[in-house]
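The block underneath contains the structure these notes are about, expressed in structure tokens.
Chain letters run A, B, ... following the sequence lines, proteins first, then strands; residues in each count from 1.
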Number of protein chains: 2
Amino acid sequence: MLELAVLGLLHEAPLHGYELRQRLKATLGAFRAFSYGSLYPTLRRMKDAGWIAEDEGDATVVAGAPALTGRRGKVVYKLTAEGKERFTELLAEAGPSSWEDETFGVHFAFFSKTDPDVRVRILEGRRSRLEERREGARSRLARTRGRLDSYTLQLQEHGLDSVDREVRWLTELIETERKKRPDAHTEPR
Amino acid sequence: MLELAVLGLLHEAPLHGYELRQRLKATLGAFRAFSYGSLYPTLRRMKDAGWIAEDEGDATVVAGAPALTGRRGKVVYKLTAEGKERFTELLAEAGPSSWEDETFGVHFAFFSKTDPDVRVRILEGRRSRLEERREGARSRLARTRGRLDSYTLQLQEHGLDSVDREVRWLTELIETERKKRPDAHTEPR
DNA sequence: ACGCGATGTATCGCACCGATACATCTGGAA
DNA sequence: TTCCAGATGTATCGGTGCGATACATCGCGT
């Protein structure tokens with residue numbers, strides 16, 4: 001997850017950790033926090049995996065001098081060739097994981113770099129996921145309505161409304177996508 | 001978090017793990033998943049802490065027989081006296097943690113067992129939390145609007161709308177609470 | 001000259017999630 | 001009547017991410 005987000009952000013420009021976090025908050029803040037506590041370990045993992053590399057900012061650690069207060073410069077990361085590959089690869093796969101709550105937002109954020117077919121498939125996957133959830137909630141609610149105290153009820157209904165809203169949003173998006181490419185449709189074959 | 005939820009559910013009736021999970025999904029499914037992977041460890045922790053105790057369902061493990069295929073009965077949990085105390089204690093504290101994303105839903109679910117003053121304080125805390133977030137997002141959006149691709153923009157706006165909706169919802173709830181107790185107000189003192 | 005808030009890197013412990021394993025019970029199709 | 005699929009039920013494992021915290025530097029207003 002964070003991995004995909006980082007790949008996407010670095011795909012546009014090299015960044016150091018702090019900036020990365022700012023961008024993360026800016027684009028995905030509504031859905032996930034992505035604190036430093038996961039960012040830095042992820043950066044290390046990705047560096048070890050070879051997706052990203054340090055790009056020597058203004059560090060210029062003079063070999064002789066440091067030892068104490070070793071003047072640590074910014075650590076700027078950039079995508080490697082393998083990293084770019086990995087990014088396209090991740091963007092291409094539209095599996096069930098792409099439309100889970102946590103994942104969907106990140107995928108969506110990079111839709112402009114995603115294949116149109118994949119876009120539609122993800123949007124539809126997300127929508128039916130939500131519709132499932134909504135039906136479950138609805139029937140459960142109908143079944144237990146009487147026994148619920150008013151707060152629990154309010155909570156259920158607010159939740160249901162939110163899901164409804166997102167479903168409508170997705171439907172609009174899907175239609176827009178369709179209009180752009182009238183030849184693509186749900187069932188290939 | 002899960003701890004509070006479990007205390008709340010067991011406060012109404014003794015339950016075993018599976019049932020507990022069902023209820024969790026039913027009341028909080030819109031916000032958190034609460035899988036078994038956290039439920040069972042939590043139950044163990046709570047048992048060790050003394051908040052809950054096993055209530056021997058239909059286990060009736062006859063001392064002599066088992067060994068192989070040892071007929072494992074349901075493990076029904078119930079609140080202990082300390083557990084009840086702990087529950088009221090947790091319900092009473094309305095700190096910043098009560099209105100974070102993950103926590104708020106759980107607190108709200110047990111509002112019928114919460115002190116009216118605390119209810120209002122939590123609702124207001126949640127609201128100003130969201131308003132802060134909204135302002136941040138709004139100004140960031142205004143600042144960067146031109147540079148954003150249309151998908152990122154859509155995402156931002158959808159997020160903003162959602163926050164708006166929740167703020168309105170909270171405002172209504174607060175007003176309702178106020179009507180119920182016209183003497184309570186924001187600043188004590 | 002001082003200090004405070006933003007910038008910047010990093011780690012630690014903990015909560016939780018998703019997948020998985022495995023066993024039992026129940027009801028309907030074969 | 002047998003068989004098997006799906007619901008019920010308990011449990012663990014690896015991994016991801018979060019919140020708090022620590023610490024150092026930099027730019028700026030006072």
Side-chain angles (χ1 to χ4, degrees), chain A residues 1-6 15-25 28-29 31-47 49 54-61 66-77 95-103 105-106 129 136, chain B residues 1-6 15-25 28-29 31-47 49 54-61 66-77 95-103 105-106 129 136:
Chain A
M1 245 318 57
L2 222 195
E3 185 187 311
L4 174 56
V6 168
L15 295 169
H16 57 259
Y18 190 80
E19 279 178 311
L20 222 25
R21 165 95 215 264
Q22 304 291 88
R23 304 293 189 93
L24 248 9
K25 266 201 298 193
L28 303 167
F31 309 88
R32 328 282 267 80
F34 284 137
S35 68
Y36 293 119
S38 34
L39 179 56
Y40 283 111
T42 298
L43 286 173
R44 170 180 292 283
R45 254 192 298 121
M46 291 174 70
K47 202 179 92 182
E54 299 188 8
D55 189 26
E56 299 311 303
D58 49 341
T60 55
V61 180
L68 301 192
T69 333
R71 183 63 182 91
R72 153 151 74 174
K74 300 184 200 179
V75 185
V76 178
Y77 297 95
S97 57
S98 325
W99 43 75
E100 286 312 305
D101 290 318
E102 336 75 41
T103 324
V106 181
R129 184 77 176 73
Chain B
M1 246 315 60
L2 223 195
E3 185 187 311
L4 175 55
V6 169
L15 295 168
H16 57 259
Y18 189 82
E19 279 177 312
L20 223 24
R21 166 98 215 265
Q22 306 290 87
R23 303 294 188 91
L24 246 11
K25 267 201 299 194
L28 303 167
F31 310 86
R32 327 284 266 77
F34 285 135
S35 67
Y36 293 118
S38 35
L39 179 56
Y40 283 110
T42 298
L43 286 173
R44 169 180 292 284
R45 254 192 298 120
M46 292 175 70
K47 201 180 94 179
E54 300 187 8
D55 189 26
E56 301 311 304
D58 50 338
T60 53
V61 181
L68 300 190
T69 333
R71 183 61 182 88
R72 155 150 73 176
K74 301 183 197 178
V75 185
V76 178
Y77 297 95
S97 59
S98 325
W99 43 74
E100 286 313 305
D101 289 319
E102 336 75 40
T103 324
V106 181
R129 185 77 177 72

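- In this entry the distance linking CG of Leu43(A) with P of dG8(C) reads 15 Å, nearest Å.
- Under the side-chain contact (heavy atoms from CB on, under 4.5 Å) criterion, Ser38(B) pairs with Leu2(B), Ser35(B), not counting sequence neighbours.
- Checked against salt bridge (Lys or Arg N to Asp or Glu O under 4.0 Å), Arg129(B) has the following partners two or more places apart in sequence or in another chain: Glu100(B).
- Residues passing the side-chain contact (heavy atoms from CB on, under 4.5 Å) test with Tyr40(A) are Tyr36(A), Leu43(A), sequence neighbours excluded.
- Residues passing the side-chain contact (heavy atoms from CB on, under 4.5 Å) test with Ser97(B): none are found, sequence neighbours excluded.
- Here the C1' atom of nucleotide dG8(C) and the CG atom of Leu20(A) are 13 Å apart, to the nearest Å.
- Atom CZ of Arg44(A) and atom P of dT9(C) are 14 Å apart (whole Å).
- Rounded to whole Å, atom P of dA6(C) lies 14 Å from atom CZ of Arg21(A).
- Between Leu39(B) atom CG and dT10(D) atom P the separation is 9 Å, expressed in whole Å.
- Salt bridge present: Lys47(A) and Glu54(A) bring a charged side-chain N and a carboxylate O closer than 4.0 Å.
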Nucleotides 17-21 of chain D: which of its N/O atoms have a protein N/O under 3.5 Å away?
| from | atom 1 | to | atom 2 | distance (Å) |
| --- | --- | --- | --- | --- |
| dG17(D) | OP1 | Leu2(A) | N | 3.1 |
| dC18(D) | OP1 | Arg32(A) | NH1 | 3.3 |
| dC18(D) | OP1 | Ala33(A) | N | 3.0 |
| dC18(D) | OP1 | Phe34(A) | N | 2.9 |
| dC18(D) | OP2 | Phe34(A) | N | 2.8 |
| dC18(D) | OP2 | Ser35(A) | N | 3.1 |
| dC18(D) | OP2 | Ser38(A) | OG | 3.1 |
| dC18(D) | N4 | Gly37(A) | O | 3.1 |
| dG19(D) | N7 | Ser35(A) | OG | 3.3 |

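- Gln22(A) places its CD atom 11 Å from the P atom of dA6(C), with the value rounded to the nearest Å.
- Note: CG (Leu24(A)) to P (dT9(C)) measures 14 Å, nearest angstrom.
- When the salt bridge (Lys or Arg N to Asp or Glu O under 4.0 Å) test is applied to Glu3(B), the partners found at least two apart in sequence or on another chain are Arg86(B).
- Rounded to whole Å, atom P of dA24(D) lies 19 Å from atom NE2 of His16(A).
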